[in-house]
Amino acid sequence: MAEKIMVVDDEKEIRDLLSIYLVEDGYDVIAAASGEEAINLALSEDPQVILMDVKMPGIDGVETCKRLKG
């Protein structure tokens, strides 16, 4: 079973590009467009790695990491 990586970025083009490269390397990829969505997906999908943009509207990447860690 492939490792699961979550890509979090408010820019669709960046999410898509990273997802393409990761899938080509054999990873399962889930994507989120916001910190709120990332928190919900992380709790339900349990990714091994999260690649996240720091500057996003709403909950930024730093705050999202704090909430996931807590």
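Every heavy atom of this structure was used, including side-chain atoms; hydrogens, water molecules and symmetry mates were not.
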* Using the side chain to side chain donor-acceptor pair (under 3.5 Å) rule, collect all pairs that involve residues 8-17, keeping only residues at least two apart or in two chains. => Lys12-Asp16
* Test item: Cys65 and Met52 side chains (from C-beta on) under 4.5 Å apart, heavy atoms -> yes
* Residue pair Met6 / Ala38: nearest heavy atoms and the distance that separates them -> CE-O, 3.5 Å
* To do: Mind listing the closest non-hydrogen atom pair of Ala2 and Gly26 along with its distance?
  => CB-O, 3.0 Å
* Nearest non-hydrogen partners of Ser34 and Val8, listed with the distance -> O-CG1, 3.8 Å
* To do: May I have all residue pairs that pass side chain to side chain donor-acceptor pair (under 3.5 Å) and include part of residues 56-70, sequence neighbours excluded?
  => Glu63-Arg67
* To do: Output every pair passing salt bridge (charged side-chain N to carboxylate O under 4.0 Å, His left out) with a member in residues 25-39, not counting sequence neighbours, ordered by first then second residue.
  => none
* To do: Hydrophobic side-chain clustering at under 4.5 Å (ILVMFWY, transitive links): who's grouped with Ile14? Put none if nobody.
  => Ile5, Val7, Leu18, Leu22, Val23, Tyr27, Val29, Val49, Leu51
* **Heavy-atom pair of closest approach, residues Ala31 and Leu41** => O-CD1, 3.4 Å
* Structure fact -> For residues 39-57, the side chain to side chain donor-acceptor pair (under 3.5 Å) pairs (sequence neighbours left out) are Lys4-Glu45
* Apart from Val54 itself, what residues make up its hydrophobic cluster when side-chain heavy atoms of I, L, V, M, F, W and Y under 4.5 Å apart count as a link, directly or indirectly? -> Val62
